[in-house]
Every structure is written in C-alpha cells, then in structure tokens.
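One structure below.
Whatever order the structure lists ligands and atoms in, that order sets their numbers, starting from 1.
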Amino acid sequence: MNKDQAIHNLDSVIARVEEARLKLSHHHIVKIIGISKYSTANDIKTLYEAGQRAFGENKVQDLKQKSQELEELPLEWHFVGRVQSNKINNLIDLNPTLVQSLDSLELALELQKKLEAKNKTLSCLLQINSAYEESKTGVMPEVAIQTYKEIQTNCPNIKLKGVMSIGAHVEDSSVIKKSFETTKKIFDELQPLGAIYCSMGMSGDFELAISCGSNMIRVGSTLFK
Ligand SMILES: *Cc1c(COP(=O)(O)O)cnc(C)c1O
C-alpha cells in the first residue's frame, strides 16, 4: 500500500463514517480502529502517516511483533481476537489500550489473577454473541448484564469500558441490524455502570452499525486494501 492509496482509503472510510454518524447526531462520535491483522508493519506505518492512530490485531504474537516494530510511533493498540489461556501473560505484558474480546467470566477470572500478580490493570470490552452464532465467542445477550456486573465485582484489575459484537454473518441486513440492536440495548443498560464503548461494525456493515448506535468500528479490509 502506498501513501496515496492509504490516504484514499482512510478518507473514504472517514467520509462514510461522517455521513452515517451525522444522521444520528452531531454529537455522536465514532472511533475508527484499523484492524491490521492481514497487513504488515509497513502498511500500518503508511496508514499512520495518513492520519490513523488506533490499530487492532487478533493474535497475541502479531500484536507483539507489530507493536514492537512500530514502537517509536504514538499508536494505540487494541486486541480483538480469542484470548488463549497460555497467552494471557504475553498479552498483559504488551499493555494494549483495549482488549475488546473478553468473552466469558472464566476468562475474566483468569485475567484477574494474572493482573493482580503483576499489579496491573487492563481495559476490556465484554464481547456479546448477539448473532447467536456457534462459530462466535462471547456471552449470550440474556446473561450479558449479569456477567458484566460479576466481572466488575470480582475482577477489580479489569476496567470494563463497554461491549463488543460481531454482526451476524448473513446477507440479510435486517438480521444483521437485529444483532446490532441487541448489543446496543445492552450497552444502554450498562452506561450507568460506566460503559462508554459500543464496538460494532466492520468493513461490510459499519454504516449499519453506526445507525444502530455504534461508537467504535473495527475496519480491516476496506482500510488496508
Ligand atoms: C478481522 C476483524 C475485523 C475487521 O474485519 P474486516 O471485515 O476486514 O473489516 C473486525 N473485528 C474483528 C473481531 C476481526 O477479527
């Protein structure tokens, strides 16, 4: 990806986000996370030079490699992948800005133990399986609020900042919309408990997600093409 391409990609995502968010409100701010999992550190640097600051990876090893290679840049790193037990220590040591894929109370309790031992805190989003898809991780919508509260009570070193969902993996946009609305409703109930991020929307569905109230989108292929 050359610089012109990066500027073009970023400009067009920003323009589309602007249009979608302004339909909701001038005060509805949407944060764009560039998901760089299929891209090189060089491409990330090019996108940084075009103005993008926040990036996300879905493998701890890739997060480590790319964040260390780009250490001199003031980037923000998000983790959006499945957290394997044997990688928890590595993930914590990388000091990610936000782990978006906290997907069970069990994982939270494991994280808590290791955070406590290291005397560290970690900001996370609770991943919700609003599409009810077996291929996806995340807590079921029916238990999301209860789980959120249990994590807050039992895991003082985890700073919960909201929720994350992946839209339903179907063509029918009304089904995708329904999954986003499910997450947004839970987010609204959690705002009094301190939830500030409702992360939903990817390259194929971020405008729909924003129309449903998303304030954080995770865009990979459209940004890094
Ligand atoms: C890969 C990935 C994305 C980005 O997907 P694109 O369709 O390439 O925009 C967003 N969120 C998660 C959790 C991902 O794994």
**Q.** Partner residues of H28 under the side chain to side chain contact (heavy atoms under 4.5 Å, CB included) criterion, sequence neighbours left out
**A.** R21, L24, S25, V30, I210, N215

Q | Atom pair CD1 (I32) and CE (M216), whose distance is rounded to the nearest 0.5 Å | A | 11.0 Å

Pair [X] + [Y]: basic N to acidic O under 4.0 Å:
X    : Y    : value
K64  : D93  : no
E181 : K185 : no
R16  : E207 : yes
E71  : K66  : no

**Q.** Contact residues of ligand 1, where a non-hydrogen atom lies under 4.0 Å away
**A.** I35, K37, V80, I166, M202, S203, R218, V219, G220, S221

